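Structure first, commentary second.
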2 protein chains.
Amino acid sequence: MAAVTGASPAPDAPPRPGLRERKKIRTREAIRSAAYALIEQQGYDSTTVEQIAERAEVSPSTVFRYFPTKEDIVVTDEYDEPLLAELAARPAGEPWTDSVRYVIREAVRLALTERPETTRLRARLMLEVPAVRARMRETLTGTGRTLAETVAGRTGLDPRSLEVRVHVMSLIGGLLEATLYWAEHGHREDYADLADRAIDVIEHGPPAGKS
Amino acid sequence: MAAVTGASPAPDAPPRPGLRERKKIRTREAIRSAAYALIEQQGYDSTTVEQIAERAEVSPSTVFRYFPTKEDIVVTDEYDEPLLAELAARPAGEPWTDSVRYVIREAVRLALTERPETTRLRARLMLEVPAVRARMRETLTGTGRTLAETVAGRTGLDPRSLEVRVHVMSLIGGLLEATLYWAEHGHREDYADLADRAIDVIEHGPPAGKS
DNA sequence: CTCTCTCATGAGAGTTACTCTCATTTCATG
DNA sequence: CATGAAATGAGAGTAACTCTCATGAGAGAG
């Protein structure tokens with residue numbers, strides 16, 4: 001128990017791959033891709049965690065060690081952190097909604113270039129499987145809180161105020177709605193444009209109607 | 001009780017109470033209040049559906065017949081429909097956000113007057129139990145769609161357009177955020193005011209900051 | 001009032017996501 | 001190589017659902 005944790009290997013150590021870590025990352029990926037493959041051909045509900053485990057050549061226990069819920073296998077992503085970092089790194093003078101726009105476009109471009117199938121499947125699952133959608137909303141709420149910090153830092157507002165919370169959450173919700181819309185329409189429209197339109201609504205309100 | 005025996009069951013009676021329906025309603029309420037009572041004293045997670053069934057004097061099967069999920073017992077409400085009707089019945093000239101404000105205030109007043117304990121407990125559960133929160137979001141999404149219809153009818157916009165969807169959903173999300181804020185702060189602030197502030201943010205954007 | 005016919009209920013078995021515990025194996029380190 | 005820590009596997013256990021089938025209680029027709 002004692003000082004073990006604080007031992008030598010942590011003066012700086014940003015690049016410490018660690019031979020053990022490799023295996024963990026590989027296992028993680030194995031589980032994920034096993035899940036995606038099975039879900040693609042059988043559907044989400046008919047795919048059991050046991051099947052995923054078998055295909056990934058690990059035990060069911062291990063699957064739950066890596067992902068707290070079945071939905072997380074599909075919902076989780078390693079992209080959130082770098083993107084939020086990128087957001088924080090944007091020029092301070094830039095209006096923060098523009099920063100968000102920029103980062104969103106980057107994210108979309110990245111996802112669609114590197115893993116187009118997976119990206120579309122995820123959007124479809126979000127649309128069709130309530131549990132996945134729910135989980136996605138929940139994790140997005142988390143990134144929303146982080147986003148609030150960033151925004152508050154930029155604007156000088158209190159990140160804990162109701163106003164900032166509501167605004168950030170409506171932004172998040174709007175982007176999710178854009179994603180659902182995208183999937184609903186068979187991914188035919190440009191996702192980045194949809195996201196832009198969603199942000200517009202949040203910023204300037206909806207296009208004027210009669211009343 | 002007396003008049004029940006009277007000659008004709010009902011003079012006009014557009015709604016047909018039906019002696020059988022009564023029992024269903026009573027069962028429904030029995031399950032709900034059993035759930036609330038048990039949850040209040042044991043917490044949500046430690047309360048099983050079996051316990052709820054026992055206390056409501058029905059079988060577990062019946063509980064699931066009435067409520068598709070455990071969360072629904074706590075999340076569901078009979079108030080949504082009348083409130084949406086009331087919204088639709090508002091004067092056509094009134095700006096629709098004002099209509100929403102009005103209806104929200106009514107809903108809050110009603111809930112806090114008639115079932116203050118339950119209302120607070122629900123808000124607390126939404127805050128503390130992820131599953132309940134998730135389910136609430138899901139059902140709110142449903143009422144959001146209905147709301148979109150109403151709004152679209154008022155404004156002449158297309159209820160299926162991305163813009164209307166995003167705007168309505170951000171409104172819903174904002175109100176939910178207000179509810180969470182309310183619960184987080186021990187229900188100390190006036191909920192109707194919080195809702196108003198949330199709607200303000202959606203309508204006019206957040207208070208101006210530096211950037 | 002009685003005979004159906006329908007529909008709500010109860011009972012029970014089955015599935016599956018998840019939790020916990022403990023023994024074993026695998027890697028890191030001195 | 002030896003020792004300690006961390007990852008894995010195995011297995012038992014829980015609880016939320018799902019399905020099916022038999023029974024009982026209401027509604028309506030005669």
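Order of the sequence lines sets the chain letters (A, B, ...), proteins ahead of strands, with each chain counted from 1. Predicted, not measured: the structure shown is a model, and the values here were computed from it.
Taking the ring centre of B/Tyr66 as origin, the terminal cationic atom of B/Lys24 falls outside the region bounded by 6.0 Å and 45° from the ring axis.
Distance, A/Glu57 CD to D/dG9 P: 10 Å, rounded to whole Å. Atom pair B/Arg22:CZ and C/dA8:C1' shows a separation of 18 Å (rounding to whole Å applied). Here the C1' atom of nucleotide C/dG10 and the CD atom of B/Glu54 are 15 Å apart, to the nearest Å. For the pair A/Phe64 CZ and C/dC20 P, the computed distance is 13 Å after rounding to whole Å. Going from atom CD1 of A/Ile52 over to atom P of C/dA17 covers 8 Å, rounded to whole Å. If you take CZ of A/Phe67 and C1' of C/dT19, they are 18 Å apart, rounded to a whole angstrom. Between the CD1 atom of A/Ile31 and the P atom of D/dA7 there is a distance of 13 Å, given to the nearest Å.
Applying the side-chain contact (heavy atoms from CB on, under 4.5 Å) criterion to A/Glu78, with sequence neighbours excluded, gives A/Arg28, A/Arg32. Under the side-chain contact (heavy atoms from CB on, under 4.5 Å) criterion, A/Ser33 pairs with no residue, sequence neighbours left out. When the side-chain contact (heavy atoms from CB on, under 4.5 Å) test is applied to A/Met169, the partners found at least two apart in sequence or on another chain are A/Thr141, B/Glu177.
For the residue pair B/Tyr36 and B/Thr118, no side-chain donor N or O sits within less than 3.5 Å of a side-chain acceptor on the partner. No side-chain donor-acceptor contact under 3.5 Å links A/Thr146 and A/Thr143.
Residue-level contact check: B/Thr47 touches the backbone only, with heavy atoms under 4.0 Å from sugar-phosphate atoms and none from bases. Backbone-only contact: A/Tyr66 has heavy atoms under 4.0 Å from sugar-phosphate atoms and none from a base.
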With the criterion being N/O to N/O and under 3.5 Å, what pairs connect the protein with nucleotides 23-27 of chain C, and how long is each?
residue, atom, partner, partner atom, Å
C/dT26, O2, A/Arg20, NH2, 3.2
C/dC27, OP1, A/Lys23, NZ, 2.7
C/dC27, O2, A/Arg20, NH2, 3.4

Under 3.5 Å between N/O atoms: give me all the protein pairs with nucleotides 10-15 of chain D, atom names plus distance.
residue, atom, partner, partner atom, Å
D/dA10, N7, A/Ser61, OG, 3.2

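The phosphate of C/dG10 (OP1 or OP2) has a side-chain N or O of B/Thr62 nearer than 4.0 angstrom.
When ring centroids are compared, A/His187 and A/Tyr191 stay outside the 6.0 Å threshold.
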Donor-acceptor contacts under 3.5 Å from residues 80-88 of chain B side chains, at least two apart:
none

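Within a 6.0 Å radius of CD in B/Glu57, no more than 12 heavy atoms belonging to other residues, nucleotides or ligands are found.
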